[in-house]
Amino acid sequence: MSGFRTLFYKEVLRFWKVATQTVAAPVLTALLYLLIFSHVLESHIRVYGTVSYTAFLIPGLVMMSVLQNAFANSSSSLIQSKVTGNIIFVLLPPISYREFYAAYVLAAVVRGLVVGFGVLVATIWFAPLEVDNPLWVLAFAVLGGGMLGSLGIVAGIWADKFDQLAAFQNFLIMPLTFLSGVFYSIHSLPPFWQQLSHFNPVFYMIDGFRHGFFGVSDVSPWLSLSIVGACFVLLGMLTLFMLERGYKLRN
Amino acid sequence: MTTAISVHQVAKRFGSVEALAGVDLAVAEGEFFGLLGPNGAGKTTLISALAGLVRVDSGRIEVMGCDVVADYRAARRQLGVVPQELVFDPFFSVRETLRIQSGYFGIRGNDEWIDEILENLDLSSKADANMRTLSGGMKRRVLVAQALVHRPPVIVLDEPTAGVDVELRQTLWQFIRRLNRDGHTIVLTTHYLEEAESLCSRIAMLKAGRVVALDSTANLLRRFSSHALRLRLAPGALLPPAAALRATEKDGICSLSFDRFDEIEPILAELRVAGCTLEELEIGKPDLEEVFIRVMHGLQGDRG
């Protein structure tokens with residue numbers, strides 16, 4: 001197990017050493033979203049009848065940060081290692097593909113949780129926020145972070161160049177997270193977009209995560225949990241399959 | 001004698017390129033083995049396959065009796081690889097790099113051995129320096145250190161002295177020689193043939209994915225190279241017919257090969273009798289460069 005532990009430790013140390021860029025910067029970005037959107041919309045919108053817009057927005061921003069940073073951690077680490085060639089240091093030792101997967105996903109979850117917690121601490125002062133059920137909060141944060149961390153491995157291995165990874169991030173991750181109900185309840189959308197949102201797995205992560213705070217949500221948290229869990233397992237299997245075959249890493 | 005590395009009928013294609021075309025090779029424990037060949041001959045592919053960085057299409061490779069695919073964990077523990085590219089992780093210091101590398105092999109509390117490696121590679125003063133701040137030669141030494149953290153019995157060096165200054169080359173070879181004396185098996189690829197000649201006891205030459213020569217360095221030298229008398233004649237002078245028959249000329253230098261030193265005198269006497277004036281004369285030793293060129297051009301051994 002020690003190879004896994006070291007790889008996990010190295011991955012955490014890697015982002016922690018440049019925490020200004022990997023933790024502080026995304027926290028600041030989320031804070032800016034909150035200041036701007038809540039300034040514009042606070043007096044116009046109430047969600048679930050009683051929840052103020054700012055209070056509604058905070059969990060969304062927290063979860064969006066968790067997801068984006070989990071993805072960024074594994075994908076940028078892998079692409080950097082591949083481009084600079086130091087990926088060889090991980091490929092030469094007796095580390096199994098399962099250990100490899102677990103270390104990168106777990107480090108991605110840690111980065112996501114650290115940033116998410118940072119966003120929560122930075123934004124909680126702007127609206128009264130209570131946690132209805134911390135188990136939901138934790139379950140969706142960990143599962144969502146794990147899923148995006150896994151997707152980050154896929155993207156980091158698939159991309160040969162930084163711009164390919166940027167395309168993956170800009171054309172897939174950004175639309176999926178922005179159109180997932182971070183900034184609005186999907187009940188406020190026209191029917192077509194409401195239907196479409198139901199095909200976005202990120203919607204369920206945000207909705208379930210929010211349920212942990214308010215005890216109400218667009219869909220049942222159990223449904224969200226099932227869908228997120230199923231996506232996590234499917235994506236995990238795909239990633240493990242790629243790693244086992246050595247796709248682009250051992251060829 | 002145990003076999004440190006055994007390569008059996010290994011083939012690998014990259015698209016239409018046949019990188020390895022059925023390679024058979026065995027390296028005995030404790031050997032200092034040279035793997036030579038022009039660029040693209042398959043040396044790095046073979047080393048990558050050995051290290052599990054590339055999956056071969058067919059064939060089998062074992063390190064200290066452990067199959068590199070089926071028993072990859074055991075095989076990788078037996079093997080230390082110094083890669084050809086000058087790679088490093090810019091996030092860490094030298095010591096952190098070596099501690100992390102130890103951890104990947106499941107070794108904790110390895111500082112004593114790390115200190116010893118650093119000392120031997122003249123890196124102690126740089127232990128806490130970030131990898132980014134090191135010169136190319138220093139980074140190369142760290143790569144060697146990384147390959148040694150888990151005390152592998154088999155060490156593979158893929159062109160370790162490319163672009164390395166003379167002093168470091170000396171330190172490096174001294175250290176590698178000592179590891180070899182201590183019982184480590186060393187496999188070396190290099191383009192510096194004089195290095196291979198002085199270090200390796202046995203050599204394999206690869207060409208287009210095939211082993212085209214495999215023998216002890218001494219035998220290769222004997223079969224493909226010889227002492228040679230090299231002459232530059234004064235302008236207008238011609239070699240006497242008997243000498244001309246056995247001479248080869250290149251860039252105005254005539255070479256006459258010989259096996260025994262007492263063959264020199266009759267040649268010189270013949271030249272004197274013919275009134276041939278010499279501008280330069282030197283005696284060349286058999287060298288691996290000649291062996292390499294002859295083997296790569298598909299010439300037969302025993303200088304025939």
Side-chain angles (χ1 to χ4, degrees), chain A residues 1-23 73-74 76-104 106-107 111 157 162 241-251, chain B residues 12-15 45 47-57 66 68-69 71-93 96-110 130-132 139 142-143 146-147 149-150 152 156 158:
Chain A
M1 275 307 271
S2 195
F4 155 75
R5 270 173 57 176
T6 309
L7 187 54
F8 168 64
Y9 166 76
K10 184 255 267 171
E11 278 301 294
V12 172
L13 198 61
R14 189 195 71 88
F15 84 74
W16 192 246
K17 282 203 168 199
V18 283
T20 337
Q21 186 197 329
T22 56
V23 179
N73 204 63
S74 48
S76 66
S77 175
L78 279 168
I79 190 97
Q80 274 176 24
S81 291
K82 274 172 51 183
V83 170
T84 59
N86 65 43
I87 187 85
I88 194 172
F89 301 143
V90 184
L91 298 178
L92 287 174
I95 296 175
S96 73
Y97 71 95
R98 290 191 187 90
E99 289 175 281
F100 184 99
Y101 170 82
Y104 276 92
L106 214 58
R111 157 103 172 260
I157 289 176
F162 285 104
F241 177 71
M242 276 172 74
L243 290 172
E244 188 187 7
R245 295 285 299 270
Y247 175 73
K248 286 202 177 181
L249 284 183
R250 294 192 189 274
N251 256 311
Chain B
K12 173 71 186 176
R13 272 180 172 281
F14 293 108
T45 306
I47 289 175
S48 300
L50 185 67
L53 298 173
V54 157
R55 309 235 163 121
V56 297
D57 302 331
C66 309
V68 301
V69 178
D71 199 6
Y72 71 94
R73 279 182 193 267
R76 289 183 201 171
R77 268 183 235 285
Q78 312 288 336
L79 189 67
V81 178
V82 181
Q84 193 180 116
E85 307 289 333
L86 205 55
V87 294
F88 63 98
D89 197 326
F91 288 92
F92 305 113
S93 72
E96 282 172 331
T97 299
L98 296 178
R99 277 187 185 153
I100 288 171
Q101 202 64 28
S102 306
Y104 289 158
F105 283 89
I107 305 163
R108 302 175 81 186
N110 202 22
N130 184 285
M131 288 300 300
R132 266 180 312 213
K139 287 186 183 120
V142 177
L143 280 178
Q146 274 179 273
V149 289
H150 56 295
V156 176
D158 195 0

Winner by heavy-atom pair count (cut-off under 4.5 Å) against chain B, out of A/Ser96, A/Pro93, A/Gly246
A/Pro93

In terms of heavy-atom contacts, A/Asn86 and B/Asp89 come closest through ND2-CA, 3.5 Å

Counting heavy-atom pairs under 4.5 angstrom with chain A, the leader among B/His150, B/Gln146, B/Arg77, B/Glu85 is B/Gln146

Can you tell me if B/Arg108 has over 12 outside heavy atoms packed within less than 6.0 Å of its CZ?
no

Work out which heavy atom in B/Arg76 is nearest to a heavy atom in A/Leu91; give both atom names and the distance.
NH1-O, 3.3 Å

For a side chain to side chain contact (heavy atoms under 4.5 Å, CB included) with B/Leu53, tell me which candidate from A/Leu249, A/Leu92, A/Ile87 qualifies.
A/Leu92

For A/Ser2 and B/Gly106 the tightest heavy-atom approach is CB-CA, 3.6 Å

Side chain, backbone, both or neither of B/Leu143 within contact of chain A (heavy atoms, under 4.5 Å)
side chain

Just wondering, do B/Phe91 and A/Gln80 contact through their side chains at under 4.5 Å, heavy atoms?
yes

Working to the nearest 0.5 angstrom, can you tell me the gap between B/Ile100 CD1 and A/Arg14 CZ?
11.5 Å

Heavy-atom closest pair (A/Phe89 atom, B/Gln101 atom, distance to 0.1 Å) is O-NE2, 3.1 Å

Find out whether A/Ile95 and B/Tyr104 are in side-chain contact, i.e. whether some heavy atom of one side chain is under 4.5 Å from a heavy atom of the other.
yes

Residue A/Phe241 excluded, over 12 heavy atoms near CZ under 6.0 Å:
no

Please state whether the side chain, the backbone, both or neither of A/Lys10 comes within less than 4.5 Å of a heavy atom of chain B.
both

Atom OH of residue position A/Tyr9 - does it have more than 12 heavy atoms of other residues, nucleotides or ligands inside 6.0 Å?
no

Atom group of B/Phe105 that falls short of 4.5 Å from chain A, counting heavy atoms:
both

Under 3.5 Å, is there a donor-acceptor pair between the side chain of B/Arg55 and the main chain of A/Arg250?
no

